[in-house]
Amino acid sequence: MSLFAEVVFPLPLSQSFLYAVPPALAGAAKPGSRIRAPLGSKIHLGFIVRLLEESPSQIVQLKEILEVIDDIPTISEEILSFTEKLSSFYFSSWGEFLAASLPPSAAVRTATKTTLTDKGRELFKAGKLSRDEGKVAGFLQKKPYSLVFLRKMAGPKNMSQLAARMEKKGLIRVERESKALRPKTEARMTPGPAQLELDFSADRSAERAASEILRAMGRGEFAPFYVFGRPAGRQAVYLRLLQQAMDRSKKALYLVPELSLAGPLQAVLEKKLSIRAVFVHGGLSDRAREAAWQRIKGHDADAVAGLRSALFSPADGLGLVIVDDEHDDSYLQLESPAYDARRGAWLRAAGAKAVLVYGSSTPSIEGFYHAQKEGYLLSLDDDGQARQAVVVDDHAEKGLISQKLKSGLHERLASGKPSVVFLNRRGYASFLFCPSCGYVPKCDRCHISLAYHKKEERLVCHYCRDSRPRISACPQCGSKVLEPKGVGVEAVEEELRRLFPQARIACFDSDRVRGRIVRERTLQKFRERKLDILVGTQLLAHQSGLSPVSLVGILNPEALLAFSDFRAAERTFLALSFMMRLADTGDGASQVLIQTAFPDHHSIREAARRDYRAFFQEEIRFRRLMNDPPFSALAEVSLFGRELRSLAEKAREFSGCVKLCSPDIEVLGPAFAPGALASGERRIQVILRTQKPELLDGALRSCLGGIKVKKTVLRDS
DNA sequence: AGCACGCCGACT
DNA sequence: GTCGGCGTGCTC
């Protein structure tokens, strides 16, 4: 009886391939095995995802698998089915997800050795080779090199094509050898078992939440939960759950959105619970990743904590999955393979019959809505420590800095206390404007107005980062005055220097604090009280290790509302909540001032009052009225390509197909995403929205399948 | 992703 | 007329 295998490759292909399994390999070939098989003109590393005994009705002549690399399948059944669901939902590459669950040593390297033949040497000496051929031959004169090295040194873009031509002509000989690296065993770290007296300092609501989740854990079934409350309360709940998981020899997965949160978390886990935790994130070296993987596989770790990619850690016997700061957009992976780690966590937990716990004090609207509706919301009591903000109506003020903020800053300066002023706009002005003809300088590529950066005297596109020197006269009418419009942080800094000439002021935005060192130095200076006022964008709000300050001023948060998509209010509320957190000194002596032209907008009003529920109530009403998520299902399809014309045609084809086959799906776009990507590609977006979520998947599947194009799909239902 | 094929302008 | 640059499409 013959055996066939469905194989996926760690390439950006949302497609599987069918191979014949030769009888000699039939014993070793299992779903989850790493294999080597010919694909195209090369031999690739792949994964068997299914075995078939029936001869599949296939016209093409099937190729054979060449080698099964492991006797025991490397990928567990659980990871296999989890990644299948995830890739199918997001139309991403199954193979790439599988590769993410393997250690660096599992990668297959293709070593090439290129040698100059006698004929090549002769023709080179005679000078009868073309420019590029000569270059390559020159390099190979003394000794053979790999193709990768030649590509780097000899320079031509199409090295592989050139090599193929030269090989055909008999000028060079290329030997290819692809081999799997053997895993090297690393010394295991075994932390001391210092068991501490546990102090969870949980209040009654945290107690209640924890015990409800613990009961679910005891049942050993999948169950989702949403813990809504302040960070300290949430952590108390998490620690209880982690302790329980450890006691029952179940493993835990703990996701955080930012790397800076991992350090403190590690300390808590190890000191408070003596949990053997492994941290994984993209910044790890190969060696560290290898060690982490070995510890996870070797059951030498109780918990895997990390960023979204930790989702793919091969932890067997998973009993608990925590997704903290559920609202954070860092859980989205926008590049291929695109996915949302929050949904990923759901799928993974469901597959492992584990308990899933989301947590946040400012949940995403969709997340909170579903938790409330499906009855898995657990609210913690507020500790009442957080300061509310005073909202100042901009209309009654003249000048950048309101009277209240001015006097607040003055007071702090007098008593030697530090202050922070936020304005979420880089540069000096968001654009220049010619008052006599209305001209506004725009980016040629992105067609958005250029921001004016006064320190560099340049006009900068905040989308593609392209910049040019500042123009001093209007190119359209010759007028000598160009007015700066839309205040940026640089202007605020300038104004503060004018108001408080004696104060030590610094600016913290992505232009001023390029790179880690400058960033750290500025924060250090602020911590050491060598600065009185720090002016910053949202970048500053996301810095960890900033101690609370006694005055936080927030200018024009309504700028965030200008982005006219349906999440603008949510983002504004979130950003404000974040910035306000910097005033949580705990002694009640701090103050937050929000200066805005929209004091009554619910996102600003409720953020100031620190009332998430009130914000949610109002926002959900708007969402319902507008049929926005969670009252409709959304899919954001991005198509990528070099050539805009054929790309646009494919986008039209796709949107047309959706319109044709599902009249109940609303199609927005296709729309160009401005700016070019790093790869030199362009992007076109099509957004699908529907009240009948069940239609979405079918429509995507039938319309996306027929169009050959690089794509990402992000969706939420 | 990598690679082959096929189409265009610029050179022996 | 070919070379080589670039863009499109396929890989079981």
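Nothing here was measured: the structure is a model prediction, and the numbers come from that model. Chain identifiers are assigned alphabetically (A, B, ...) following the order of the sequence lines, protein sequences preceding nucleic acid strands; residue numbering begins at 1 within each chain.
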Once you round it to whole Å, what is the distance between [atom2] of [N] and [atom1] of [X]?
{"X": "A/Ile43", "N": "C/dT11", "atom1": "CD1", "atom2": "C1'", "value": "14 Å"}
{"X": "A/Leu644", "N": "C/dT8", "atom1": "CG", "atom2": "C1'", "value": "16 Å"}
{"X": "A/Glu643", "N": "C/dG9", "atom1": "CD", "atom2": "C1'", "value": "14 Å"}
{"X": "A/Leu647", "N": "C/dT8", "atom1": "CG", "atom2": "C1'", "value": "13 Å"}
{"X": "A/Leu11", "N": "C/dC10", "atom1": "CG", "atom2": "C1'", "value": "12 Å"}
{"X": "A/Tyr19", "N": "C/dT11", "atom1": "OH", "atom2": "C1'", "value": "7 Å"}
{"X": "A/Gln61", "N": "C/dC12", "atom1": "CD", "atom2": "C1'", "value": "10 Å"}
{"X": "A/Ile35", "N": "C/dC12", "atom1": "CD1", "atom2": "P", "value": "12 Å"}

Taking the side chain of [X] as heavy atoms from C-beta outward, which of [options] is closest to it?
{"X": "A/Leu13", "options": "B/dC3, C/dC12, B/dA1", "value": "B/dA1"}
{"X": "A/Lys650", "options": "C/dT11, C/dG9, C/dG7", "value": "C/dG9"}
{"X": "A/Arg642", "options": "B/dA1, C/dG7, C/dC12", "value": "C/dG7"}

For this session: Remember a base hit wins even if backbone is also touched, and classify A/Gln15 as base, sugar-phosphate or nothing at under 4.0 Å, heavy atoms.
Result: base

Exercise. When we call it a touch if two heavy atoms are under 4.0 Å apart, what does A/Pro38 touch: a base, just sugar-phosphate, or nothing?
Worked result: sugar-phosphate

Exercise. So does A/Glu643 have more than 12 non-hydrogen atoms from other groups sitting under 6.0 Å from CD?
Worked result: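 Enclosed.
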
Exercise. Are the side chains of A/Asp324 and A/Tyr254 in touch, meaning some heavy atoms are under 4.5 Å apart?
Worked result: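 Yes - at least one pair of side-chain heavy atoms lies under 4.5 Å apart.
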
Exercise. Does a side-chain heavy-atom distance below 4.5 Å link A/Phe640 with A/Arg682?
Worked result: no

Exercise. So does A/Lys42 get a side-chain nitrogen or oxygen closer than 4.0 Å to the phosphate oxygens (OP1/OP2) of B/dG2?
Worked result: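 A/Lys42 to B/dG2 OP1/OP2: no side-chain N or O under 4.0 Å.
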
Exercise. Are the side chain of A/Tyr19 and the backbone of A/Pro38 linked by a donor-acceptor contact shorter than 3.5 Å?
Worked result: yes

